[in-house]
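Contents: one structure, followed by commentary.
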Number of protein chains: 2
Amino acid sequence: MAKRSGEKYHVLIDSAVKTFARTGYHRTRVADIAREAGVADGTVYIYFENKEDILVSLFQELMISFVDNLYCELVQCQNATEKLAAIIKYHLSILADNPDRARVTQIELRQIDQVINEGISKPLLKYFQLIEEVIEEGKMQRLYRQNLNTRTARKVVFGAIDEVVTCWVLSSKSYDLTALCEPVYDLLVRGLQEV
Amino acid sequence: MAKRSGEKYHVLIDSAVKTFARTGYHRTRVADIAREAGVADGTVYIYFENKEDILVSLFQELMISFVDNLYCELVQCQNATEKLAAIIKYHLSILADNPDRARVTQIELRQIDQVINEGISKPLLKYFQLIEEVIEEGKMQRLYRQNLNTRTARKVVFGAIDEVVTCWVLSSKSYDLTALCEPVYDLLVRGLQEV
DNA sequence: ATAAAGCGAATGAACATTCATTCATCATAA
DNA sequence: TTATGATGAATGAATGTTCATTCGCTTTAT
């Protein structure tokens, strides 16, 4: 039974992020992660069920802390519009600061398999929920249109941010991602249209 | 040397789309595609370099026809705003009508490997360019804001549409995707904001 | 002394790819 | 017309490699 805790567990998670980012999920051997962590191949199986479980666990760790920290940022905001700006800023900043993490979430985690998909969807759903709550709040505060479909709006908001990050990762991170906070925010709130 | 043409080539492409959609790229064996196409395993290698080449070729075939046909739709539009609506409608309709194709483009093709990535990016770039041209046109026609960053706007537009499709695929296509044309269009053009 | 943690060589299953061979088609020559 | 030969598409069994995973043993901690 996988241990899922302890010092080595976290070392292994970090090594996996680094290795998956460098080599890609399917190309990294479990032995590579073990070497990166400075442990034997078999040790990996004390902490994880199997290779797939490493990817899923890693995402859960990252995503849970992501949502928790984002939540802390949001409670400090006054209204929905401030909150939306905070979401964009937080999302872009975290990944701009952690290129390996960005590569893994944008590219490697999309190697979806039913199992991976199920392991991923729960923590991701929390994030989606958070965005939807902010949109609902905006409607209540009469900042956003009443006829907005919250679910669809969330998809547009998340999709936009996600695509911006993916482009940045694929461009070999050659520019400052956080510079896009304002243009993206503007586009989402005000749209393309001329005032 | 891979042939890349002939009747069997197209049969194989179709079989690959179907098989990748059903089993996922990494889980399908080349033998599965061969069986689906009703040919021997070795025959696949007359038409394709290797397994990866099947995925890349398939995407190129799909994407080239996608862009060509979309282009035909666009020339019939009067202005940029009509064109944007046409892009969304075309993008969503094509995938709504071809669930296997949708699964492959949204999920399986994201199994990015350097090689796959390079094979994919060229035809995709054409689509991006098309979107950017429409945005530029909208700025010229004073329909869209002058201070819009075209590149960023394109990412937001594409990201929004793409996310909407991915959600639909992951939901097992349980609702009518094309019903989202208008809400998505509205969000992109007018944004979230109350008028 | 006992249990837990760690080791890493060995295992074996999975699967992409190869290649010797077959077969149908068609051009050429007798 | 008929035999001969050339071509290359198609076959599918065999190959070889790649790794994830296991397990018997060793070390460390309590």
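Note that the structure is predicted; figures quoted are calculated from it, not measured. Residue numbers start from 1 in every chain, and the chains themselves are labelled A, B, ... in the order their sequence lines are given, proteins ahead of strands.
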Contacts table for residues 162-170 of chain A: side-chain donor-acceptor under 3.5 angstrom, sequence neighbours left out:
from, atom 1, to, atom 2, distance (Å)
A:D162, OD1, A:Q106, NE2, 3.0
A:D162, OD1, A:R110, NH2, 3.0
A:D162, OD2, A:R110, NH1, 3.0
A:T166, OG1, A:Q106, NE2, 2.8
A:T166, OG1, A:D162, O, 3.1
A:W168, NE1, A:Y175, O, 2.8

Do B:F20 and B:I33 touch side chain to side chain, with heavy atoms closer than 4.5 Å? yes

Check A:E36 with A:R22, please: is the shortest side-chain N to carboxylate O separation under 4.0 Å? yes

B:K51 atom NZ is separated from C:dC15 atom P, nearest whole Å, by 8 Å

In whole angstroms, the gap separating P of D:dG16 from CG of B:N50 amounts to 20 Å

B:Y9 and B:E61: side-chain donor and acceptor closer than 3.5 Å? yes

Atom pair distance, as rounded to whole Å: CD in B:E52 and C1' in C:dT17: 14 Å

Spacing between B:Y9 atom OH and D:dG8 atom C1', to the nearest angstrom: 20 Å

In this structure, are over 12 heavy atoms from other groups packed under 6.0 Å from B:K173 atom NZ? yes

Atom-to-atom span, CZ of B:R27 to C1' of C:dA16 - whole angstrom: 18 Å

Separation of B:L12 atom CG from D:dA10 atom C1', in whole Å? 12 Å

For the pair A:D100 and A:R103, find out whether any cationic side-chain nitrogen is under 4.0 Å from an anionic carboxylate oxygen. no

Show me the protein contacts with nucleotides 22-30 of chain D, counting only N or O atoms at under 3.5 Å.
none

Write out a two-atom table: protein N or O, nucleotide N or O from nucleotides 4-6 of chain C, distance below 3.5 Å.
from, atom 1, to, atom 2, distance (Å)
C:dG6, OP1, A:K8, NZ, 2.8
C:dG6, OP2, A:Y47, OH, 2.5

Is there a side-chain contact between B:K89 and B:T178 (heavy atoms, below 4.5 Å)? no

What is the distance, rounded to the nearest whole Å, between atom NE2 of B:H26 and atom P of D:dC19? 12 Å

Any side-chain donor-acceptor pair under 3.5 Å between B:N79 and B:T81? no

From the candidates C:dC15, C:dT17, D:dT21, the one with an atom nearest any side-chain atom of B:R29 is C:dC15

In terms of side-chain heavy atoms, does B:R151 have a donor or acceptor partner in B:N149 at a distance below 3.5 Å? no

What's the CG-C1' distance between B:D53 and C:dA16, to the nearest Å? 14 Å

